[in-house]
Number of protein chains: 2
Amino acid sequence: MKISTKGRYALRVMLDIAQNSNGEFISLRDISQRQEVSMKYLEMIIGILNRGNFVQSQRGKDGGYRLAKSPADYTVLSILTLTEGDLAPISCLEDLAPECPRATDCLTLPFWQGLNKTLKNYMGSVTLEDILNKKTIEV
Amino acid sequence: MKISTKGRYALRVMLDIAQNSNGEFISLRDISQRQEVSMKYLEMIIGILNRGNFVQSQRGKDGGYRLAKSPADYTVLSILTLTEGDLAPISCLEDLAPECPRATDCLTLPFWQGLNKTLKNYMGSVTLEDILNKKTIEV
DNA sequence: TATTTTCATATTGGTAATATAGGAATTGTG
DNA sequence: CACAATTCCTATATTACCAATATGAAAATA
């Protein structure tokens, strides 16, 4: 029941760009130094963010990355879903899962559905902007 | 971000015993047949429940397992914590984790703490009895 | 003693996560 | 143009964990 390193780093990368750019491109080198994560590993992660159009990139000298939208437009849910895949806590709740033959009699299904909803409600309610502003999260 | 098979089966085993016993011992063989999970695998899982005193066991003929307490006294959180270990969504939130050197400056920490609390609130609020009674879970 | 059952540990096979390596393509600058 | 800085792409090594089985001992009862 863990969020992977990939997802955690992706969130940090998005926040780093949000914090350190005003529209200019930020190089991975800078991000890597600030976040103390190897460039090579970050390349893989930001590649996902880039192909998902969460960031825009500029190659060559003075190139780098910037956010595609404003920080308020990214929920943590969207970032983690892109990098980790479906966050459903059990696989039979994933969007593309085949129907479980036990589903109609499954005593535990409602519990898992509730957990799934709880998770996604929470993660979907927090944006990058909230985190940058240290907006208090009421639970 | 998945609950493991071990944890899911442990929950089903606890529910199976709750549903099929009135204080007598229920054999793993019966549980295995109802749940369609191999006895060998269940042995490992119920061993954890037994060593954690969630169930009581009786060896030999007509032996088996029964709950140590009433279904209302087991939250899903307690069962999953026993079988899966700490359910914190990132390892630096685990009870025994060493303090992270980045903690004071970590922008994301409050978000993860909120997620952790949300998860545990939910799982701690549902008992075996609730599940057996198909009590509606409001989210 | 024979049968049924729990109990304990080791081992296997598979799959995913983490991280790095090496080099190709692109772009701005002197 | 040559060069340096940078993104981009694919492959691969390593480790760790998960799921499941294997093997056999120990206990209880009739």
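To find a chain, count down the sequence lines: A is the first, B the second, and so on, and within it residues start at 1. Note that the structure is predicted; figures quoted are calculated from it, not measured. Atom set for the values below is all heavy atoms of this structure, side chains included, hydrogens, waters and symmetry mates excluded.
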(message) Ignoring hydrogens and geometry beyond distance, is a side-chain donor-acceptor pair present between A:Asn121 and A:Thr118 at under 3.5 Å?
(response)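 Their side chains do not contain a donor-acceptor pair, so the 3.5 Å distance test is not met.
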(message) If I compare all heavy atoms of A:Leu42 with all of A:Ser32, which pair ends up nearest, and what's the gap?
(response)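 Heavy atoms only, the tightest pair is CD1-CA, 3.6 Å.
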(message) Please find the pair of heavy atoms, one from B:Met123 and one from B:Leu87, that lie closest to each other, and give the distance.
(response)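 Result for this residue pair: SD-CD1, 3.7 Å.
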Whole Å only: how far is the [atom1] atom of [X] from the [atom2] atom of [N]?
X       : N      : atom1 : atom2 : answer
B:Lys2  : D:dC17 : NZ    : P     : 18 Å
B:Arg59 : D:dA28 : CZ    : P     : 7 Å
B:Glu24 : D:dA28 : CD    : C1'   : 18 Å
B:Ile3  : D:dC18 : CD1   : C1'   : 14 Å
A:Phe25 : C:dG28 : CZ    : P     : 10 Å
A:Glu84 : C:dA16 : CD    : P     : 14 Å
A:Met1  : D:dC17 : CE    : C1'   : 17 Å

With respect to the phosphate group of [N], does any side-chain polar atom (N or O) of [X] fall under 4.0 Å of OP1 or OP2?
X       : N      : value
B:Thr5  : D:dC18 : no
B:Gln58 : D:dA27 : no
A:Tyr9  : C:dA17 : no
B:Arg29 : C:dT5  : yes

(message) I'd like to know whether the aromatic ring centres of A:Tyr9 and A:Tyr41 sit less than 6.0 Å apart in this structure.
(response)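 Yes, the ring of A:Tyr9 comes within the 6.0 Å limit of the ring of A:Tyr41, centre to centre.
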(request) Flag the pair A:Phe54 / A:Tyr74 as yes when their ring centroid distance falls below 6.0 Å, and as no otherwise. (result)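 Centroid separation for A:Phe54 and A:Tyr74: below 6.0 Å.
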(request) Quick one: pull up CD1 in B:Ile3 and CE in A:Met1 and give me the separation to the nearest 0.5 Å. (result)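 Reported value, rounded in 0.5 Å steps: 4.5 Å.
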(message) If you assign A:Gly7 and B:Ile26 each to the DNA chain C nucleotide with the nearest heavy atom, which residue ends up on the more 5' nucleotide?
(response)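 Between the two, 5'-proximity favours B:Ile26.
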(message) Quick check on DNA chain C: between B:Ser27 and A:Asp62, whose nearest nucleotide comes earlier from the 5' end?
(response)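 With B:Ser27 and A:Asp62 compared, the 5'-side residue is B:Ser27.
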(request) Return the residues of residues 37-57 of chain A meeting this criterion: a heavy atom under 4.0 Å from some atom of DNA chain C. Order them by number, or give none. (result)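 Correct list: A:Ser38, A:Lys40, A:Tyr41.
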(request) Can you establish whether the number of heavy atoms outside B:Arg29 located under 6.0 Å from its atom CZ is more than 12? (result)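 For B:Arg29, atom CZ is not crowded (no more than 12 foreign heavy atoms under 6.0 Å).
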